[in-house]
Amino acid sequence: ITLLPLFVFTFVFTICGVNGRSFSIDYQNDTFLKDGVPFRYISGSLHYSRVPSHYWKGRLEKLYAAGLNAVQTYVPWNFHEPTPGVYDFDGDKDLVQFIQIAQEVGLLVILRAGPYICGEWEMGGLPSWLLTIKPNIALRTSDPVYLFYVDQWLSSLLSYMSPFLYANGGPIISVQVENEYGDYLACDHNYMNHLAQLFRQSLGPDVVLFTTDNASVNALRCGTDPSLYATVDFGVTANPMQYFEIQRQFEPHGPLVNSEFYTGWLDYWGYPHQTLDSKVLADNFNMILELNASVNMYMFE
């Protein structure tokens with residue numbers, strides 16, 4: 001299907017929350033607020049783009065049965081726009097259906113919208129056709145040609161997602177901007193600020209927008225924007241607080257968040273299978289929970 005401009009939905013749904021629904025950050029008490037009540041999420045990553053739609057409900061039910069209250073997922077740009085201006089959200093690419101099933105199962109949704117997602121996905125989700133538009137295009141920067149196509153894609157995607165924000169009656173409680181940008185050499189703050197403004201224009205002033213970066217000062221220095229809530233990612237460690245203290249240098253107040261707690265690691269062709277002791281993993285996970293932090297398991301399944 002081809003998406004039409006959906007700014008009308010954005011206007012209608014962001015005037016006020018449906019039935020008083022709200023999701024926000026309480027900086028005074030260092031927590032999220034869901035409908036005015038302190039809240040922390042315990043979520044798992046499930047990539048709808050890697051699972052046939054027939055299995056979405058079963059996978060999400062397993063996630064809910066495991067005691068999690070949210071699912072986190074990436075949106076790969078090149079999965080939905082195979083050629084410029086042609087959008088595909090049908091069948092196994094029906095993102096709306098995935099979000100609706102998550103809500104039916106009882107899960108909230110954390111949406112990682114890109115435009116770059118990494119995600120161990122080709123070109124981090126960026127369409128390869130970008131390279132044919134301009135030979136020397138500077139991806140993930142303020143390059144005007146790159147931003148032209150980013151703006152077209154995100155304006156359509158985010159307006160499409162707006163009705164499914166939590167305040168609008170849907171399950172989406174927060175939306176991530178870019179991904180681990182602090183590891184990218186460009187360190188283009190104008191680019192991140194441009195994205196932040198675009199997300200705000202499409203989703204309204206109240207939605208929780210956040211960034212995710214490796215828990216290092218250098219990564220957060222380049223990967224954040226003042227208008228976005230900075231979170232960190234890290235795996236098994238003897239002292240989770242040491243990484244949250246780095247988050248605190250950029251977010252002195254607000255909830256502690258590990259957006260990617262690594263439950264394992266990817267395999268490389270020809271190398272031994274990566275494993276992690278389950279007890280060590282569980283002990284580290286419990287340490288994060290004891291800090292009242294919100295945490296996402298990357299991956300759940």
Side-chain angles (χ1 to χ4, degrees), residues 1-27 31-43 46 48 53 56-57 60 63-64 68-75 77 80 87 89-90 93-115 117 151-178 195-211 227-229 231 254-255 257 259 294 296:
I1 62 175
T2 299
L3 291 182
L4 299 175
L6 297 173
F7 50 83
V8 174
F9 286 109
T10 304
F11 172 76
V12 172
F13 280 88
T14 56
I15 294 175
C16 62
V18 175
N19 296 325
R21 289 164 61 99
S22 64
F23 190 83
S24 61
I25 294 175
D26 181 351
Y27 288 92
T31 187
F32 288 114
L33 292 178
K34 179 172 170 283
D35 301 331
V37 178
F39 175 84
R40 70 108 169 258
Y41 67 75
I42 303 174
S43 71
L46 174 62
Y48 70 94
S53 56
W56 286 348
K57 186 175 182 180
L60 290 167
L63 198 149
Y64 181 80
L68 280 62
N69 57 14
V71 60
Q72 185 196 85
T73 196
Y74 282 126
V75 181
W77 179 2
H80 295 290
Y87 301 99
F89 285 87
D90 291 327
K93 301 182 179 184
D94 191 343
L95 175 56
V96 166
Q97 183 187 34
F98 178 82
I99 291 171
Q100 290 174 329
I101 293 173
Q103 186 170 24
E104 291 169 5
V105 167
L107 294 167
L108 299 167
V109 174
I110 300 164
L111 195 70
R112 312 180 78 178
I117 63 167
D151 289 357
Q152 285 192 325
W153 159 244
L154 286 179
S155 294
S156 295
L157 172 68
L158 297 176
S159 295
Y160 194 43
M161 292 293 99
S162 181
F164 303 99
L165 295 176
Y166 184 79
N168 299 335
I172 299 174
I173 56 173
S174 60
V175 180
Q176 182 180 317
V177 178
E178 249 279 351
L195 291 180
Q197 292 184 48
L198 177 60
F199 275 66
R200 286 283 173 221
Q201 290 169 3
S202 298
L203 299 177
D206 298 324
V207 64
V208 173
L209 300 178
F210 70 100
T211 59
S227 65
L228 306 172
Y229 192 75
T231 74
V257 180
S259 291
S294 287
N296 171 71

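Here the structure is a predicted model, which is why all the values come from computation and not from measurement.
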Do [X] and [Y] have side-chain heavy atoms sitting under 4.5 Å apart?
X    : Y    : result
L33  : I25  : no
L107 : P171 : no
R40  : V257 : no
L95  : Y48  : yes
L195 : L154 : yes
S174 : I110 : yes
T231 : Q176 : no
F98  : V109 : no

Is it true that a side-chain atom of [X] and a backbone atom of [Y] form a donor plus acceptor pair closer than 3.5 Å?
X    : Y    : answer
S159 : S155 : yes
Q72  : S43  : no
D26  : F32  : no
T73  : L46  : yes
Q103 : G169 : yes

Between N168 and R21, does the side-chain contact (heavy atoms from CB on, under 4.5 Å) criterion hold? Intermediate values first, please. CA-CA 7 Å; N168 299 335; R21 289 164 61 99; over 6 Å; no
If you take all heavy atoms of [X] and [Y], which pair is closest and at what distance?
X    : Y    : result
P115 : W77  : CB-CE3, 3.9 Å
D151 : L198 : OD1-CD2, 3.6 Å
L228 : A196 : CD2-CB, 3.9 Å
V96  : M161 : CG2-CE, 4.0 Å
G36  : S22  : N-OG, 3.9 Å
F199 : G114 : CZ-O, 3.6 Å

Answer yes or no: does atom NZ of K93 have more than 12 heavy-atom neighbours from other residues, nucleotides or ligands under 6.0 Å?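 Counting neighbours around NZ of K93, more than 12 heavy atoms of other residues, nucleotides or ligands fall under 6.0 Å, so yes.
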Has Y64 got more than 12 heavy atoms of other residues, nucleotides or ligands less than 6.0 Å from its OH? no
What is the distance from atom [atom1] of [X] to atom [atom2] of [Y], rounded to the nearest 0.5 Å?
X    : Y    : atom1 : atom2 : answer
I173 : L108 : CD1   : CG    : 5.0 Å
L158 : L165 : CG    : CG    : 9.0 Å
I117 : R112 : CD1   : CZ    : 8.5 Å
Q100 : Q97  : CD    : CD    : 7.5 Å

Verify side-chain contact (heavy atoms from CB on, under 4.5 Å) between F164 and L111, making sure each step is shown before the conclusion. CA-CA 11 Å; F164 303 99; L111 195 70; over 6 Å; no
Given side-chain contact (heavy atoms from CB on, under 4.5 Å), test V105 with W56 step by step and report yes or no. CA-CA 11 Å; V105 167; W56 286 348; over 6 Å; no
Residue that, paired with I99, satisfies side chain to side chain contact (heavy atoms under 4.5 Å, CB included) out of I172, D94, V71: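 Of I172, D94, V71, side chain to side chain contact (heavy atoms under 4.5 Å, CB included) with I99 is met by I172 alone.
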Taking the inter-plane angle between the rings of F89 and H80 on a 0 to 90° scale, is it parallel (under 30°), tilted (30 to 60°) or perpendicular (over 60°)?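 Parallel.
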Do you see a donor-acceptor pair shorter than 3.5 Å between the side chains of N296 and Y41?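 No pair is found: no donor N or O on one side chain lies under 3.5 Å from an acceptor on the other.
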I'd like to know whether D206 forms a side-chain contact (heavy atoms from CB on, under 4.5 Å) with F23, so could you lay out the CA-CA distance, the side-chain angles of the two residues, the decisive distance to 0.1 Å, and finally the verdict. CA-CA 8 Å; D206 298 324; F23 190 83; over 6 Å; no
